[in-house]
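Here is the structure we will look at, set down as structure tokens.
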Amino acid sequence: MPVISQTTQKLIYRYQMWQESLQLKEGVPLIHVDEVASKVATFYEKMRGVIDWREEHLLRKTAIERILKRRLFLKRNGKEIAEPLVHELIRGGHFPNDTIPESKIAEIQKSINKYIYILENAPSDDREKMRLQLHDWLLDIAACEIEEILASLSKETIIMDFMLEEMEGKIESKIDPEEKSIQIYIAIQRALFKLDAPLINYNLFKKWFPDWANLSQEKLADIAKNIHSVREKLEKSYNHPLAEKFYAVCERFDTAYLILSDVVSANPTEIIKNLENPEIFESKIKSAYQARLKKVKSRLRRAAFYSTLSILLSKILLAFAVEVPFDKYITGEFSYSAMGLNVLIPSFLMAFLVLSIRLPSKQNEQLAVMEVIKIIYERERKDKIYDVKPALKRGFILNSIIALVYSLSFITSFGLIIWVLRQLNFSLISIAIFLMFISLISFAGVKIRQRAKELKVEKDKETFLHTFIDLFSLPIIQAGKWLSNQWQKYNALSILFNSLLDMPFQVFVEFLEQWRLFLKEKKEEIH
């Protein structure tokens, strides 16, 4: 009979502790919001989801960021904003009604106070831009902590810590051992759950300051004093020169750890019995694999619909706000057919990139099962060691040739698109906006395609055709990568929602909830 490894036994124990922590104690007061107001707010959040589209696992955190920043803008001292913030999240459908204990409000207020204290006591910087960047950076991390308080994200933390312990023995590197561990941890977060920078920064905060949730006043003051150096250290680690190489190694193993987490967390108390019978355990792995594959398919359908609709609506808004007035009254080159193509082509491209994604083959399932079994049981054979090291330095001549070829591919890619658009009577402003959207869509499509590979164990076959396509598509994707950060900041529809609709709408919803509460009280007086 195969022997269960000690690290696996430790993993199971941690999941058992996690499961016990989820049990709500009887008689604990729970937060309740009005159902009618909740339906109105949930509809609004779904509309926002179309306009300001994000990957599914980031939607809730993004909502917390938005609400937190808006409420702190209205009430800069941050006092007593936890309760309305939580109520707004529940009304918006981000958390179920009657499931969050009222005691969480005090925890969240304590967390918000901590970040406000750091902001107020951070060393002053005369540069307005730097102050704003620190403000946004800290509040993004605060949103991660608030989500963890409300959603108990320790399940993800357990498997990340387990994988970290395993991968540290599989990866060698000549960099500092502490930095190596940090790079593996960052790579694991990106590979397993595609976490973004704020979430990774928050998890690193907890690694560096284990008592982050309950800091002493003296420790908090020390962190506030050195917050700029802490931020610099985090950004240096996140942008490490070898970060992509560490990620490439961890990404090879993410499927097995994701499925293992699903199997163990489903029933931590019974898993030992299943492990003692390899046949039963294998069937559990296959069931978890199929369930996750079903989620991937659903996520792709959702991504195809929302990303396409978001691009379509944003493109229509820009067309009527910028392109049509510019072409009609300045250049005189307005064309209905060009405007129609300018709106439809980017939307169809987004839909094509997502819908053309190929899911893993049936052979991939068996490979995934084998990888999970390798992790679970003790083995005499040692794992392959991966050496992460900088790429060999290229000579000046070779670098010059590569830069020249890349520049030519950049000019060819964009030049060909511009030539075709001119043949279709596109104006200069329409061409500029079209190129911006094509770049953004190409980058977004690549990100979604990478997300769809979370279950892939088998290796992709590289052909000359792939190399040829990459030569001309990479410049467009790189341009989209640069533009994507700007797009999130300056998404026209998102800005419109935030400035003109978001605040008044929340005032209306809160009034509706209070009005219904008033009517309910009056009805109770009738007897």
Side-chain angles (χ1 to χ4, degrees), residues 5-15 18 57-58 141 144 148 153-210 212 230-262 264-265 368 371-372 374-376 378-379 381-392 447 450-451 453-457 459:
S5 69
Q6 290 185 350
T7 53
T8 302
Q9 292 176 29
K10 191 193 302 183
L11 175 74
I12 294 168
Y13 174 75
R14 290 192 65 188
Y15 271 123
W18 164 76
H57 68 294
L58 298 176
I141 295 174
C144 300
E148 185 176 61
L153 301 177
S154 57
K155 174 186 172 183
E156 287 79 8
T157 304
I158 291 170
I159 195 63
M160 288 192 300
D161 289 342
F162 176 73
M163 187 174 176
L164 174 62
E165 189 177 347
E166 295 272 308
M167 295 305 296
E168 282 185 331
K170 291 182 180 180
I171 297 178
E172 286 185 354
S173 182
K174 292 182 179 179
I175 64 175
D176 179 74
E178 183 184 351
E179 186 60 38
K180 171 195 161 186
S181 181
I182 291 172
Q183 287 307 312
I184 294 173
Y185 192 55
I186 292 173
I188 285 169
Q189 294 177 75
R190 292 175 58 203
L192 280 180
F193 302 113
K194 306 299 181 285
L195 302 187
D196 60 2
L199 277 164
I200 291 173
N201 286 332
Y202 173 60
N203 286 326
L204 286 176
F205 255 115
K206 292 189 297 178
K207 285 284 183 186
W208 293 345
F209 307 105
W212 181 249
V230 172
R231 181 188 174 196
E232 185 180 340
K233 184 181 176 183
L234 283 167
E235 291 183 346
K236 187 177 179 181
S237 291
Y238 189 79
N239 298 306
H240 195 277
L242 295 178
E244 292 304 322
K245 291 184 178 291
F246 279 99
Y247 170 76
V249 176
C250 293
E251 203 268 338
R252 297 181 185 184
F253 300 94
D254 63 337
T255 300
Y257 288 95
L258 284 169
I259 294 172
L260 175 60
S261 175
D262 291 344
V264 178
S265 63
E371 289 297 321
V372 176
K374 283 182 189 177
I375 298 170
I376 288 291
E378 294 279 7
R379 291 179 297 127
R381 186 179 175 182
K382 292 184 178 180
D383 292 320
K384 177 183 175 181
I385 301 297
Y386 295 86
D387 189 13
V388 174
K389 55 187 177 182
L392 293 173
K447 296 287 285 183
Q450 288 175 346
R451 185 82 169 121
K453 290 182 179 180
E454 70 174 37
L455 290 179
K456 204 159 189 178
V457 181
K459 294 181 179 179

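These numbers come from the heavy atoms of this one structure, side chains and all, not from hydrogens, waters or symmetry mates.
- How far CG of Leu164 is from CD1 of Ile159: 11.5 Å, rounded to the nearest 0.5 Å.
- With rounding to the nearest 0.5 angstrom, the CG atom of Leu260 is 9.0 Å from the OG atom of Ser265.
- A cation-pi arrangement, defined by a distance under 6.0 Å to the six-membered ring centre and an angle within 45 degrees of its axis, is absent between Lys207 and Trp212.
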Stepwise side-chain contact (heavy atoms from CB on, under 4.5 Å) test for Leu258 and Phe193: CA-CA 9 Å; Leu258 284 169; Phe193 302 113; 3.8 Å; yes
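- With sequence neighbours left out, Glu232 forms a salt bridge (charged side-chain N to carboxylate O under 4.0 Å, His left out) with no residue at all.
- Counting heavy atoms from C-beta on, the side chains of Asn203 and Leu195 come closer than 4.5 Å.
- Shortest non-hydrogen contact noted between Met163 and Ile188 is C-CD1, 3.6 Å.
- The environment of CZ in Phe209 is crowded: more than 12 heavy-atom neighbours from other residues, nucleotides or ligands sit within 6.0 Å.
- Looking at every heavy atom in both residues, Thr7 comes nearest to Phe162 through O-CE1, 3.4 Å.
- Side chains of Ile182 and Trp208 form a contact here, defined as non-hydrogen atoms less than 4.5 Å apart.
- If you take CD on Gln189 and OH on Tyr247, they are separated by 12.5 Å, rounding to the nearest 0.5 Å.
- Note that CG of Asp254 is 6.0 Å distant from CG of Leu192, once rounded to the nearest 0.5 Å.
- The distance from atom OG of Ser261 to atom CE of Met160, rounded to the nearest 0.5 Å, is 10.0 Å.
- Taking every heavy atom of both residues into account, Ile385 and Gly169 meet most closely at CD1-O, 3.2 Å.
- For the residue pair Ser237 / Gln183, no side-chain donor-acceptor distance below 3.5 Å is found, with atom types taken as modelled.
- The pair Asp387-Lys174 does not count as a salt bridge, with every side-chain nitrogen at least 4.0 angstrom from each carboxylate oxygen.
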Run the side-chain contact (heavy atoms from CB on, under 4.5 Å) check on Phe246 and Ser173 step by step: do they pass? CA-CA 10 Å; Phe246 279 99; Ser173 182; 4.0 Å; yes
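- Residues Ile375 and Ala256 share a closest heavy-atom pair of CD1-CB, 3.6 Å.
- For the pair Lys170 and Phe253, the cation-pi test (distance below 6.0 Å, angle within 45°) is passed.
- Between Tyr238 and Ala243, the shortest heavy-atom distance links the atoms O-CB, 4.2 Å.
- Put simply, CD on Glu179 and CD1 on Ile184 are 10.5 Å apart, with the number rounded to the nearest 0.5 Å.
- A donor atom on one side chain and an acceptor atom on the other are not found under 3.5 Å apart for Thr255 and Glu371.
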Can you check side-chain contact (heavy atoms from CB on, under 4.5 Å) on Cys144 and Phe205, steps first, answer last? CA-CA 11 Å; Cys144 300; Phe205 255 115; over 6 Å; no
Test salt bridge (Lys or Arg N to Asp or Glu O under 4.0 Å) applied to Asp161 and Arg14, step by step: CA-CA 11 Å; Asp161 289 342; Arg14 290 192 65 188; 3.5 Å; yes
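- Salt bridge annotation for Glu165-Lys10: present, with a cationic side-chain nitrogen under 4.0 angstrom from a carboxylate oxygen.
- With hydrogens and angles left out, the side-chain atoms of Tyr202 and Glu148 include a donor and acceptor closer than 3.5 Å.
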Where do Ile186 and Leu204 land on the side-chain contact (heavy atoms from CB on, under 4.5 Å) test, with the steps shown first? CA-CA 8 Å; Ile186 292 173; Leu204 286 176; 4.0 Å; yes
